[in-house]
Amino acid sequence: MQQPIDYQDAYLRLLAQKFCTVQEVSTEIINLEAILALPKGTEHFMSDIHGEDEAFAHILNNCSGVIRDKIDAVYGESLSAAERAELATLIYYPTHKLEYIKSHMTGDLGDWYRTTLRRLVEIGRAVASKYTRSKVRKALPQDFAYIIDELLNADAAMKNREDYYDRIITSLIGIDRADAFITAIAGVIKQLAVDRLHIIGDVFDRGPRPDKILDMLMRHHSVDIQWGNHDMLWMGAACGSEACIFDILGISVKYSNMEMLERGYGISLRHLTNFAQKTYADGGCFAPKVISAMDREISGTDSIARLYKAVLVIQFKLEGQAIMRNPSFCMEDRLLLDKIDYENRSITIGGSAYALEDCDFPTVDKNDPYRLTDEEAEIVAELRHSFLHSPRLTEHMDFLYRVGSMYLCFNQNLLYHGCLPMNEDGSFAEFAIDGRFYSGKALMDIFDQKARAAYLGRRREDEEQRRAVDLMWYMWCGKKSPLFGRDRMTTFERCLIEDKSAHTEPKNAYYRHTADPAVCDRILAEFGLTGEHAHIINGHMPVKIKDGESPVHGGGKMLIIDGGFSKAYQKTTGIAGYTLVYNAHGLKLISHEPFKSRADCVVHDTDILSKTEILESLPEPAKVADSDIGTELRRQIEGLKQLLAAYRSGAIKETNLH
């Protein structure tokens, strides 16, 4: 008869393969217990980046002011504001700033190098002070790891060592490696300034280069992403959802981002563009609100409008097909092509009749309005193949699935992009998937599971995969989607109906009920979080500061940090984005003014003007012991102590004895 497995013994024996002796176990216990006493690492929260790659890169570089704070702490009394600003810019953009400084240098470059290298080393020591030497070493670039480690741990009081450190700096200059060293130590400073980066959704759409943002995130040392509805749209497209693909195309044309699709991801729009020009006589009311000067010069406004019209007609057809395939979506109110009264150029929606700006839809069969023409079907198939097989898009989607999720519980904070859908009475809204109803945390979990299953099955062509990708489209714009949080998406109405009363997209009841701290506590408890320092952190809904709205809700229990990072929203919000910083001392909300450009920063040492609001100050500085990492370290320490006892009792034998 097979003996039951002793999992505890199996765990200890696996642990013994890594820590082979009493001495090794003891050393690791001492190391981990010492780490628990260090200050908690700094967390950086950003949301709704929407393709604004230059502004994102700058805030990533300045760590929402953390770098500037460190410079002020070290040199606030000994350097002028201009000198501190130049030092900050050098850390943000070392390659570009070095090029500018050397081309405009009037004094001795060697003296500048010596002074600057010493200052950078001092800043490096300040940001490294809250980490173990082992962790700092892991952050060091291979080329300069030994030298940076030596300089960061210099003891200025030891005269016999001072000459040694001077010689290191002199040698770097003498062998023409000072520029490379400055670039390397600037990178170390930025990496150590922020321990963990949280992206609360919506990397994609509107702004010019979301692909560049993904490249930056893939290089980041510690990042997680909570998927937004725009991210889910791209994830669905990469899984083969035709409806998601044409929603992306509609946004790309509307915000003049077609070049990003073609150059960034190798997705050609040539067939679609030619089809649009020959099929539609004019663009009519479909002129996009954002047209770049280059697009206008190359294509002309009407040509772009005709492309937008062709995309949206196919989009409405594909969305209608998805709705009819999935009665459980309860989105029949979004079936609008069959409601058009061509004779009277009008449509009835929700019992109200509206005049239509355009009724020239030659590819829409009035008797079967959601059927694609043969050429439309051919274009859809071509584009689906392109999205499924784009190498760079696949690389980005692999990353988005690997570090991303619908939500994250981290250090007593609950992070998700949109909402936890609620009914008008404040109860969690239910949604049916595969015949079973889900709500609250379970709804988040099943959406997460289905999105992953769709990506793993993206090469399949079966009914199960079709249902999975349709569900991803629902997460983009469905009434009970946690990523959308509105009753409907009124793209059709905004394009074709002048009457703005038809454009409204009512918010889910969640946004009203979470004004009550008790409701926020109930949501937190749904995810196993309690206590006065637990928070919900959202993005998604732009906070209209100019209209008196606040990012702080529920008595401080909920924070909405979408402040209009996207230029398209900055007139609405009145600012250019929020970031949230959570360090050992508490929570700080930083609101940003618009970013000019990297070039302006390099030349004039300008930074994003920011305003900091202290949301919560901790009575005592938080330690690693107070964090989720601390909880994990304590589990490791307990396992090591059990292994130590097993060694000492003889239950497990030490190995590698000398």
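This chain uses plain numbering: 1 for the first residue, then up along the sequence.
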Taking 4.0 angstrom as the limit, do K479 and E505 come out as a salt bridge? no
Quick one about H535 and N413 (side-chain donor to acceptor, distance below 3.5 Å, no hydrogens or angles considered), yes or no? yes
Less than 3.5 Å apart, any donor N or O on the side chain of S439 or E430 sitting next to an acceptor on the other? no
Qualifying residues under side-chain contact (heavy atoms from CB on, under 4.5 Å), relative to K441, sequence neighbours excluded: Y407, D445, E526, F527
Given salt bridge (Lys or Arg N to Asp or Glu O under 4.0 Å), test R466 with E242 step by step and report yes or no. CA-CA 10 Å; R466 168 61 73 183; E242 296 97 337; 2.9 Å; yes
Are K450 and D434 ion-paired here, with the side-chain N under 4.0 Å from a carboxylate O? yes
Could you tell me which residues satisfy side-chain contact (heavy atoms from CB on, under 4.5 Å) with P551, sequence neighbours excluded, listed by chain and number? V543, I545, Y578, L589
Between H553 (side chain) and M558 (backbone), is there a donor-acceptor pair under 3.5 Å? no
Sub-3.5 Å donor-acceptor pair from the side chain of S241 to the main-chain atoms of C244, do we have one? yes
Only one of I251, L496, L336, L312 clears side chain to side chain contact (heavy atoms under 4.5 Å, CB included) with T491; which? L312
Please answer whether the main-chain N or O of P506 pairs with a side-chain N or O of T504 as donor and acceptor at a distance below 3.5 Å. no
S405 side chain to L408 backbone, donor-acceptor under 3.5 Å: no
Under a 3.5 Å cutoff, is there a donor and acceptor pairing between the side chains of T363 and E376? yes
Is it the case that R306 places NZ or CZ above or below the six-membered ring of F286, under 6.0 angstrom from the centre and within 45 degrees of the axis? no
Could you pull out the closest heavy-atom pair between L249 and L269, with the gap in Å? CD2-CD2, 3.7 Å
Would a distance-only check, ignoring hydrogens and angles, find a side-chain to backbone donor-acceptor pair under 3.5 Å from Q315 to A243? no
Note: F329 and Y474 closest approach over all heavy atoms is CG-CD1, 3.6 Å
State which residues pass ring pair (Phe, Tyr, Trp, His ring centres under 6.0 Å) with H396; sequence neighbours excluded, sorted by chain then number. Y265
Under a plain distance cut-off of 3.5 Å, with no hydrogens placed, do Q226 and H198 share a side-chain donor-acceptor pair? no
Step by step, work out the side-chain hydrogen bond (donor to acceptor under 3.5 Å, both in side chains) result for S501 and D499. CA-CA 5 Å; S501 67; D499 187 342; 2.8 Å; yes
When you look at E461 and R384, which way does the salt bridge (Lys or Arg N to Asp or Glu O under 4.0 Å) test go after all the steps? CA-CA 12 Å; E461 301 281 350; R384 182 175 184 272; 2.9 Å; yes
Rounding to 0.5 Å, atoms NE2 (H58) and OG (S597) come to a distance of 10.0 Å
May I ask you to test the I340-C359 pair for a side-chain heavy-atom distance under 4.5 Å? yes
Checking the side chain of D470 only, and the main-chain atoms of R467 only, is there a donor and an acceptor separated by less than 3.5 Å? no
Examine K366 relative to Y342 and say whether NZ or CZ is less than 6.0 Å from the centre of the six-membered ring and inside a 45° cone about the ring axis. yes
For a quick check under 3.5 Å, do Y370 and D338 share a side-chain donor-acceptor pair by atom type? yes
Give a yes/no verdict on a cation-pi contact between R522 and F428, requiring under 6.0 Å between NZ or CZ and the six-membered ring centre and an angle within 45° of the axis. yes
Closest approach of I347 and K339, non-hydrogen atoms and distance? CG1-O, 3.5 Å
Under 4.0 Å between a Lys/Arg side-chain N and an Asp/Glu carboxylate O for R325 and E463? no
I need the minimum non-hydrogen distance between H503 and R494, along with the two atoms involved. O-NH2, 3.1 Å
When you measure from the side chain of N257 to the backbone N and O of M260, does any donor-acceptor pair fall under 3.5 Å? no
Close side-chain approach of R196 to F410, heavy-atom, < 4.5 Å: yes
Looking only at the side chains, is there a donor atom on one of N326 and S328 sitting less than 3.5 Å from an acceptor on the other? no
Quiz item: cation-pi between R458 and Y455, 6.0 Å / 45°: yes
Between R392 and D215, does at least one N-O distance fall below 4.0 Å, as a salt bridge requires? yes
Is there a donor-acceptor pair closer than 3.5 Å between any side-chain N or O of S47 and the backbone N or O of I561? yes
Are the side chains of R345 and E357 in touch, meaning some heavy atoms are under 4.5 Å apart? no
Does one side chain, of D425 or S427, offer a donor that lies under 3.5 Å from an acceptor on the other? yes
Steps toward salt bridge (Lys or Arg N to Asp or Glu O under 4.0 Å) verdict (R488, D333): CA-CA 9 Å; R488 56 186 174 269; D333 62 321; 5.4 Å; no
Is there a donor-acceptor contact under 3.5 Å linking the side chains of D247 and W473? yes
Stepwise ring-ring contact (aromatic ring centres under 6.0 Å, His included) test for F316 and F492: CA-CA 8 Å; F316 298 148; F492 181 98; 5.3 Å; yes
Tell me whether N538 contacts the main-chain N or O of L415 through its side chain, where contact means a donor paired with an acceptor under 3.5 Å. no
Distance-only, no hydrogens or angles: does the R486 side chain make a donor-acceptor pair with backbone N or O of K507 under 3.5 Å? no
Do H230 and F204 pass the ring-ring contact (aromatic ring centres under 6.0 Å, His included) test, and can you show the C-alpha distance, the side-chain angles, and the key distance before you say yes or no? CA-CA 6 Å; H230 286 267; F204 284 97; 9.2 Å; no
Could you check whether W234 and D205, counting side-chain N and O atoms only, form a donor-acceptor pair closer than 3.5 Å? yes
Working note: D487 + K480, criterion salt bridge (Lys or Arg N to Asp or Glu O under 4.0 Å); need CA distance, chi angles, decisive distance, verdict. CA-CA 8 Å; D487 277 7; K480 294 184 180 178; over 6 Å; no
